[in-house]
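Below: one structure, written as structure tokens.
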There are 2 protein chains.
Amino acid sequence: MAKASSTGVRPTIRMVAELAGVSTATVSYVLSGRRGDGGPGVSDPTAEKVKAAAERLGYRPNQAARAIRTGRTNTVILSLTMLSDPWSLSVIEAVQKAAVPQGVTPMILGDADWVKVLGTHNADAVFVDAVRPDQREALRKLAEHGTTLVVFDEEVQADGFDVIRSIAGPGCRMAVEHLLHGHRRIACLTPATAAGTSGGTRYRAYSDALAAAKIQERDDYVGLFDGTSAGAYAAATRLLSLPDRPTAIYATTDYAAVSAINAAQRLGLAVGTDVDIIGVGNTVEGERMSPSLSTVGPVDFFDKLARLLLRRATGHPAPESPGVLDFPWHLFVRESAPHRSAATKLY
Amino acid sequence: MAKASSTGVRPTIRMVAELAGVSTATVSYVLSGRRGDGGPGVSDPTAEKVKAAAERLGYRPNQAARAIRTGRTNTVILSLTMLSDPWSLSVIEAVQKAAVPQGVTPMILGDADWVKVLGTHNADAVFVDAVRPDQREALRKLAEHGTTLVVFDEEVQADGFDVIRSIAGPGCRMAVEHLLHGHRRIACLTPATAAGTSGGTRYRAYSDALAAAKIQERDDYVGLFDGTSAGAYAAATRLLSLPDRPTAIYATTDYAAVSAINAAQRLGLAVGTDVDIIGVGNTVEGERMSPSLSTVGPVDFFDKLARLLLRRATGHPAPESPGVLDFPWHLFVRESAPHRSAATKLY
DNA sequence: CTGTTAGCGCTTTCAC
DNA sequence: GTGAAAGCGCTAACAG
């Protein structure tokens with residue numbers, strides 16, 4: 001059998017045109033699917049011929065050549081620092097869902113060093129999930145010279161690009177205050193690295209809320225762990241095995257809260273009855289589990305982020321001018337820490 | 001202060017040439033760093049002028065335009081199906097380490113639908129970590145028409161591209177047999193989903209090895225968990241709390257083994273003395289922890305994979321013809337399950 | 001409806 | 001040592 005194309009060379013639009021006996025322009029029209037649209041119409045028979053030829057040669061459009069002409073790459077870049085973090089996976093999932101129907105391909109950049117890469121690689125829009133202070137200037141320059149940016153950072157100034165913010169402090173405070181309605185013996189489950197980081201903010205919310213409620217903070221009610229799920233499970237087990245165990249646990253991340261729920265159940269405690277557990281982050285895992293996890297977090301964060309990024313990438317619809325997008329946090333009261341009335345208070 | 005370039009348009013090589021008062025060719029020579037090489041020499045003063053102009057304008061080379069001319073994108077694509085899997089992260093890490101020094105940027109494709117994307121997006125080489133049967137034909141076609149592929153799959157035929165294999169069965173058998181040298185009461189810690197998957201292979205190695213050693217398999221020695229670290233921790237705790245607890249645990253993944261070590265230590269058992277624990281996968285986490293994890297796995301897998309991919313991408317050195325790369329598995333005897341002599345046997 | 005033609009930004013001979 | 005010019009694969013005016 002004679003294969004038309006086992007040469008290993010990549011067929012071009014010209015080869016297709018020759019095989020189909022038409023001009024390259026016609027091929028372009030057919031293959032970029034711009035018939036009937038604003039572009040010129042192409043008769044059905046010619047279109048068929050072209051498609052057959054393309055198929056036969058195994059033609060695939062050269063994205064680079066197309067990009068140079070149209071200025072669009074049909075690509076968005078996601079620069080994600082902590083790929084192992086479920087947060088990153090949520091970003092990817094949401095962007096994927098929004099991008100694919102629009103014909104846009106999300107490419108993930110695992111390296112933290114986005115500055116060098118974005119210098120040469122082009123995309124219709126770029127999401128950056130963390131900016132070190134020494135990268136701020138580069139950011140400004142990129143934006144100034146035509147790179148479309150959406151940046152997730154609490155501190156950086158919006159300056160020709162979009163900035164997404166999501167302030168944790170007040171939200172975390174709400175979580176602890178929710179527990180304070182029914183509890184006095186409230187423990188905190190938090191990674192040991194939470195010294196000065198965002199975890200620090202989350203721990204501080206616990207301290208402050210207890211202080212405001214005139215409750216003395218107890219050392220043995222602070223469950224530090226190593227950042228892993230297994231570590232959180234162990235720390236939660238320790239907390240719940242104390243002689244006067246806490247009746248509620250405030251976990252500074254949802255995954256830690258999930259581990260705490262597992263630990264409680266393993267100890268025979270009914271979560272939402274014997275002990276209340278609340279998390280931080282509003283991840284989908286928490287929402288889907290049983291008992292469902294009470295938590296605080298931004299509303300609809302990933303979807304909104306994805307939609308913004310795609311609006312920027314496609315320039316459609318309504319490309320409003322870039323600015324700061326501040327995400328309000330909400331309290332999601334679910335089964336693991338329900339509302340406590342006077343009758344169901346645990347003190 | 002007059003900025004040269006706050007227009008928002010992306011500067012081209014021509015603008016740089018004009019500003020520097022030289023030709024575009026000269027700019028190209030200077031900026032693609034081909035002075036002194038085979039390319040024509042450029043005098044130092046001109047080179048300086050050009051660099052200054054480029055800097056002033058914030059010039060960044062257009063990768064697409066370069067790609068169209070040179071046929072190289074300086075990019076490798078990693079198509080990874082399960083981004084949340086530590087295995088994927090290891091791939092990324094290894095490729096990153098190999099690629100960046102060579103000026104190659106790894107781009108990650110989180111979508112499982114690589115067929116459509118690779119149809120249009122070009123890279124110097126592509127790694128694909130899973131091939132569904134219905135994707136095999138597409139794979140062959142891509143390779144035939146010039147896409148450089150490295151595929152990880154146990155079944156697919158190498159046909160114009162590289163295939164990497166890593167057969168788990170015999171390696172897992174070695175792990176269990178290692179434990180059999182010093183133990184009779186050996187438990188198995190494995191995710192519940194391990195019915196017919198690769199986890200199935202790993203569980204079968206346990207069954208078979210016990211059978212071969214004429215040891216009756218016990219239901220209560222099979223610790224099923226939900227796939228999470230916390231779940232593994234809980235299951236291991238249950239195993240080690242049995243009246244006649246096992247003296248050794250064979251965990252079908254390294255991360256489960258790590259959780260088991262944590263659980264054992266929490267119960268006051270000395271790992272490597274009171275109880276031996278072995279994993280599967282040979283991940284870096286296991287190697288680095290304390291006590292270091294005994295495990296089985298392919299040797300140097302990620303680095304070799306990364307090196308192959310980059311050899312394919314750069315065509316240098318020695319672009320040998322594509323074929324099948326079979327990874328032998330080794331037993332890594334470390335602290336968590338040391339060699340047992342007759343004197344230290346636990347039966 | 002279809003073909004001709006002029007580039008997009010860049011690299012790369014080949015003259016000077 | 002430097003510049004003129006051709007052309008990579010493709011799209012988009014504009015003719016016909």
Side-chain angles (χ1 to χ4, degrees), chain A residues 9-51 53-54 57-74 119-122 124 145-146, chain B residues 9-51 53-54 57-74 119-122 124 145-146:
Chain A
V9 293
R10 194 164 166 167
T12 73
I13 205 176
R14 187 138 58 216
M15 300 180 198
V16 177
E18 268 165 27
L19 182 60
V22 297
S23 78
T24 61
T26 305
V27 175
S28 176
Y29 286 134
V30 174
L31 265 37
S32 31
R34 296 185 32 273
R35 313 205 291 135
D37 187 22
V42 175
S43 72
D44 277 350
T46 357
E48 279 318 310
K49 266 197 306 193
V50 170
K51 280 191 204 146
L57 292 176
Y59 171 80
R60 293 173 296 122
N62 182 326
Q63 180 63 227
R66 182 174 283 180
I68 206 184
R69 207 52 251 262
T70 61
R72 289 208 45 210
T73 60
N74 297 317
T120 58
H121 288 266
N122 329 64
D124 296 343
H145 299 306
Chain B
V9 293
R10 192 162 168 168
T12 73
I13 207 177
R14 185 137 61 214
M15 300 181 198
V16 177
E18 267 166 28
L19 183 59
V22 298
S23 79
T24 61
T26 306
V27 174
S28 176
Y29 285 136
V30 174
L31 265 38
S32 29
R34 294 186 35 274
R35 310 208 291 136
D37 187 22
V42 175
S43 71
D44 277 351
T46 0
E48 279 318 310
K49 267 195 306 190
V50 170
K51 281 191 202 145
L57 292 176
Y59 171 79
R60 293 173 295 121
N62 183 327
Q63 179 63 227
R66 182 174 286 180
I68 206 184
R69 209 47 254 263
T70 61
R72 291 209 41 209
T73 60
N74 297 316
T120 58
H121 289 266
N122 327 68
D124 296 342
H145 299 305

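Sequence lines set the chain letters: A, B, ... in the order given, protein chains first and strands last, and positions in each chain run from 1.
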Check the distance between C/dG9's C1' and B/L57's CG and give it to me in whole angstrom.
15 Å

Please examine the side chains of B/Y59 and B/L31, heavy atoms only from C-beta on, and report whether any two atoms are closer than 4.5 Å.
yes

Heavy-atom nearest nucleotide on DNA chain D for A/P61 versus B/G21: which residue maps closer to 5'?
B/G21

Side chain of B/T26 - closest among D/dG3, C/dC10, C/dT2:
D/dG3

Quick check: do A/T46 and A/V30 have side-chain heavy atoms less than 4.5 Å from each other?
no

Less than 4.5 Å apart, any side-chain heavy atom of B/N62 and any of B/T12?
no

Please report the distance, rounded to the nearest Å, between OH in B/Y29 and P in C/dG9.
20 Å

Can you check the A/R10 CZ to D/dG9 P distance for me, whole Å?
10 Å

For DNA chain D, the dot-bracket pattern of Watson-Crick and G-U pairs whose distances stay under 3.5 Å, | for other-strand partners:
||||||||||||||||

Distance in angstrom units between B/N74 CG and C/dT11 P, rounded
11 Å

Minimum heavy-atom distance A/T24-A/R14, with the two atoms named
CG2-CA, 4.0 Å

Distance in angstrom units between B/N122 CG and D/dC10 P, rounded
10 Å

Can you name the closest pair of heavy atoms from B/A67 and B/T73 and give their distance?
CB-CG2, 4.1 Å

Measure from the side-chain N and O atoms of B/R60 to the backbone N and O of B/P11, and report whether any donor-acceptor pair falls under 3.5 Å.
no

Could you state the atom-to-atom distance from CG of B/N62 to C1' of D/dC10 in whole Å?
14 Å

C/dG9 phosphate, OP1 or OP2, under 4.0 Å from B/T12 side-chain N/O:
no

For B/I13 versus B/V27, what's the shortest heavy-atom pair and its separation?
CG1-CG1, 3.3 Å

Nearest whole angstrom, please: distance from the C1' of C/dG9 to the CZ of A/R66.
18 Å

Please write out the pairs of protein N or O atoms and N or O atoms of nucleotides 5-7 of chain C separated by less than 3.5 Å, giving the distance to one decimal.
unit_1	atom_1	unit_2	atom_2	d
C/dG7	N2	A/R69	NE	3.2
C/dG7	N2	A/R69	NH1	2.7
C/dG7	N3	A/R69	NH1	3.4

What is the distance, rounded to the nearest whole Å, between atom CD1 of B/I68 and atom C1' of C/dT12?
15 Å

With respect to the side chain of A/I13, which nucleotide from D/dA4, D/dT11, C/dT11 is positioned closest?
D/dT11

Taking D/dC10, C/dC1, D/dT11 as options, the one with an atom nearest any side-chain atom of A/T46 is C/dC1

Using only side-chain N and O atoms of A/S28, determine if any of them is under 4.0 Å from OP1 or OP2 of D/dT11.
yes

Could you check if a side-chain atom of A/R66 sits within less than 4.5 angstrom of a side-chain atom of A/R69, using non-hydrogen atoms only?
no

Test side chain to side chain contact (heavy atoms under 4.5 Å, CB included) applied to B/R72 - qualifying residues, sequence neighbours left out
B/T70, B/N74, B/V104, B/D124, B/T314

